[in-house]
Structures are given as C-alpha cells and as structure tokens.
Number of protein chains: 2
Amino acid sequence: MTESPTQRRRERERAERRQLIVDSARELAEAEGWDAVTTRRLADTIEYSQPVLYSHFANRAAIVDAVVVEGAAELASTLRAARAGTEDDAATAVAQAYLDFAAAHPALYDAIFTMPSGLPFGTPDAPPALQDAFGELRLAFAPSARGTEAEVLTEVVWSALHGLASLVRSGRLRPDLHDARLTRLLALVKSRS
Amino acid sequence: MTESPTQRRRERERAERRQLIVDSARELAEAEGWDAVTTRRLADTIEYSQPVLYSHFANRAAIVDAVVVEGAAELASTLRAARAGTEDDAATAVAQAYLDFAAAHPALYDAIFTMPSGLPFGTPDAPPALQDAFGELRLAFAPSARGTEAEVLTEVVWSALHGLASLVRSGRLRPDLHDARLTRLLALVKSRS
DNA sequence: TTCGCTGTCTAGCGCTGCTAGAATCCAGTC
DNA sequence: GACTGGATTCTAGCAGCGCTAGACAGCGAA
C-alpha cells in the first residue's frame, strides 16, 4: 500500500492546484467582488477547464468555504498578534485589529461573516480556525468571566463589532464617525456592570 | 392636460400591478429565499410576461429596493408602537421589537440591512422610511443626548442589535443564548458612562 | 373604417453552475 | 518498444438566470 514516487508527485501537484484555486478565488473576490468569482473565470485563472474545479470541490460554495476557513485562520492570528502586542488594554487593541481586518479584506470578511454559508459555526465541529478566532475575542473581552457569562459577553461584543464592520462595509453607516463609534463601544464595554 | 377617466383607470391598474409585484417578491423571498425571486417566477405569479416587470422597475434590484422601502416603513411603525406601548423602559421594548421583527421577517430583514443595496442610507436623501426607523432607535436609545453624541450612541446600539440579528439569522450564533445576549447588551447600554 | 399608439408577448442573447461522455495521456506489462 | 488499462482532462451541452429587440394585438381618435 506504500505510494510510489509518481503518486507522491501527483498528490503534491493536486494539493498545489487546490491551493491555487482557493488563492485565485480570494484574489478575484477582493479585486472584483464575489459575483466575479465564476467557475469559468476561476478555470481560466488556473489554466484548466471548468470540470477540474469539481474534482477538487463539490461545488462553487465549497470553494468559498475553503476561502472562509483560510481567512478565519488569518483573522485569528491577526487578533492574537494584536493581543500579544499590548501590555494592558487588550480589548481596544483586539477590537481595533478586528475592524482593521474587516476594512483591509472586505470581500474576505463578507465571506466569513455575512454571506450565507453551510459551515458550522457555534458548534464543537466548527472549523478550528473559526473556534480560534472566537477564542481570541473571548480572551480580549471576557478574560475574567467564566462559562456562559464569558460566552454571552463575548458574543455581544463580537455582534457589536460585526454590526459596525458590516454596516459600514455595505454603506449603511457613515464612514466619518467610524472611530467615534468604536470609542463609544469600548467605553460601554469597559464601564460594564 | 387633464386626464380622462380611461387614463385614470389605467394608472390605477398600473399602480395595483406594481404593488402586486412588490408583494409577490416579498412573499416569495420569505417563503423560499431571495434566490427564488427570479424574474420568471415573479412574472408567473403576477400572470404577465417578464418584460412587464421592466415597465415598472429598471431591473431586479429595483424591485428588491421597493420591498426594502416598504419593509423599512413597517419596521419604523413597529418600533414606534413598541416605544409608545411602554411607560418607562423604552430601550428594552424597542430593542426587543427590533429583534422580533428580524426574526419574524428574516428575508425582509436581510434585504433591508444585509444584502447589497444601492439605496442611500446615512444621507439626507435616504428614503423617509429608513430615516423614520433610525429616528425611532434614536428616541429609544439616546433620548437625552444631542447632536453627534446621540447619533454615535444610536449607531453603536443599532450595530449591536444588527450584529445579533444577522449573526443569529445566518447561523453564526447559537440561538439558545439569544435572550441572554439581549439582556447583557441592555445592561451595558443602561450602565453607560 | 382606418390609422396610430400603447401595451404585451415571443423569442433570443450572453451569462451562470454544473455534468455526461469523448478524448488524451501516461504508468506498468509483455 | 508496442500495447493496454485506468486515471485525467477536455469539449460540448443542459437548464436556468437577467434582460431586451422586435413582432403583434387591441383600443381610442379621426
């Protein structure tokens, strides 16, 4: 059952091509929006025909999901770095990093947190990357709380951050008050009962 | 230039058909999701051919926008009723009403606050219905504040509510802690600095 | 009755996600 | 070195999408 060198090369090439698909999808989405991420354009980009995509992913949604998982891992490590980079005010640093991430990668953020997705989120079988990202938020916003209380508080603050990010992103909040809103939110959280 | 009875009948019938299109779009979206709201299915529902839709609306997006404006008016009056129906705790009543509205009309809520829309939001030329809804939130959450402060506080609370509503709606927050999250959020707002 | 306009429909374009079946390529065997 | 079987990739096509050009019908005015 041991694999031949040829098999190994094939598998490596397959993995590389899979990654190329995911990267292309993400780049194309960031450059022209998710509507531009069609199977034909993806196929053109990777220089293979359409059906090859379907030998790596069940359907278009599965490609988006792969981008989401990759993006969530990136978000988690961004938040971790922000928390590690400050002495005291972890909440502010992480909140700021969260909103910066959303602003820097709008299409990616949309895919992770706004677009419909079949990916499990709140459950134990959610992708580890998603659990990591949420764990970082909990460490920043509810370091002293335990159990359900920590969970609830984190979810509330996360919801507020997500609301800010997504409403600004979709043009439903005026951008000029963005900083003032974040400051106000953090004031609410810090003076918490 | 005065219109004949025939013209009047025609105009009335056109207005009725327009309303029928908007109602059908909303019902279909609520029943099967916005993906099911295709021009062909809409045409079937109103028992006219596809091109008739385009004599009322520039494109499919304009039909969705019409549903949004109608829905926003409904939301505004729902919030107004909630605020009028309580003696003291307007914030709780309005927040509860907001989340109830989102839960009762998920597709409508998505269209108003999540889906991409060309409609102006934060500006003075936003549809009156949208301004009304936001005004209700301000009356509930920042009754004592003035100017920018009222604006910012309202936007922060609205963002939090929208975050809760949309993350639950898309399956990214566990539904069982929904009430606990709202309670926690209101506690933060009330003990505000 | 005829003319012309308004309103509506049929048919079709270029696009989408996705797939069946043909064609090709290549590793392993005689 | 030619052959064969299986994996791999491609061409071509389906049904459905938003949208529209051009044909056609029906009705009011002259």
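Atoms considered below: every heavy atom in the structure, side chains included; atoms not considered: hydrogens, waters and symmetry mates. Just so it is clear: chains get the letters A, B, ... in the order the sequence lines come, proteins before strands, and each one is counted from 1. Computed from a predicted model, the values in this text were never measured in an experiment.
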Q. Quick one: does NZ or CZ of B:R17 land under 6.0 Å from the six-membered ring centre of B:Y48, within 45 degrees of the ring axis?
A. yes
Charged N to carboxylate O below 4.0 Å: is that the case for [X] and [Y]?
| X | Y | answer |
| --- | --- | --- |
| A:E74 | A:R26 | yes |
| B:E32 | B:R41 | yes |
| B:R184 | A:E155 | no |

Write down the distance between [atom1] ([X]) and [atom2] ([N]), rounded to a whole number of angstrom.
| X | N | atom1 | atom2 | value |
| --- | --- | --- | --- | --- |
| B:Y54 | C:dC13 | OH | C1' | 13 Å |
| B:N59 | D:dG18 | CG | C1' | 9 Å |
| A:H56 | D:dT8 | NE2 | C1' | 11 Å |
| A:E11 | D:dT8 | CD | P | 10 Å |
| A:F57 | C:dG17 | CZ | C1' | 16 Å |
| A:L42 | C:dT16 | CG | P | 11 Å |
| B:E13 | C:dG7 | CD | P | 11 Å |
| A:E47 | D:dC10 | CD | C1' | 15 Å |

Q | Between B:Y109 and B:Y98, ring centroids under 6.0 Å | A | yes
Q) Contact class for B:R17 vs. all strands (heavy atom < 4.0 Å): base, sugar-phosphate, or nothing? A) sugar-phosphate
Q) Touch check for B:T38, heavy atoms < 4.0 angstrom, all strands: base, sugar-phosphate only, or nothing? A) sugar-phosphate
(Q) Let's see if you can work this out: which of C:dT6, D:dC19, D:dC10 has an atom nearest to the side-chain heavy atoms of B:R10? (A) C:dT6
Q: With the side chain of B:S49 defined as its heavy atoms from C-beta on, choose the nearest nucleotide among D:dC10, C:dC18, C:dC9.
A: C:dC9
(Q) Taking only side-chain N and O atoms of A:T39, does any of them lie within less than 4.0 angstrom of OP1 or OP2 on C:dC18? (A) no
**Q.** Residue met sooner reading DNA chain C from 5', once A:P51 and A:A36 are mapped to nucleotides
**A.** A:A36
Q.
Is there, by distance only and without an angle test, a donor paired with an acceptor across the side chain of B:R40 and the base of D:dG16 below 3.5 Å?
A. no
**Q.** Base of C:dC18 paired with side chain of A:Q50 (donor-acceptor, under 3.5 Å)
**A.** yes
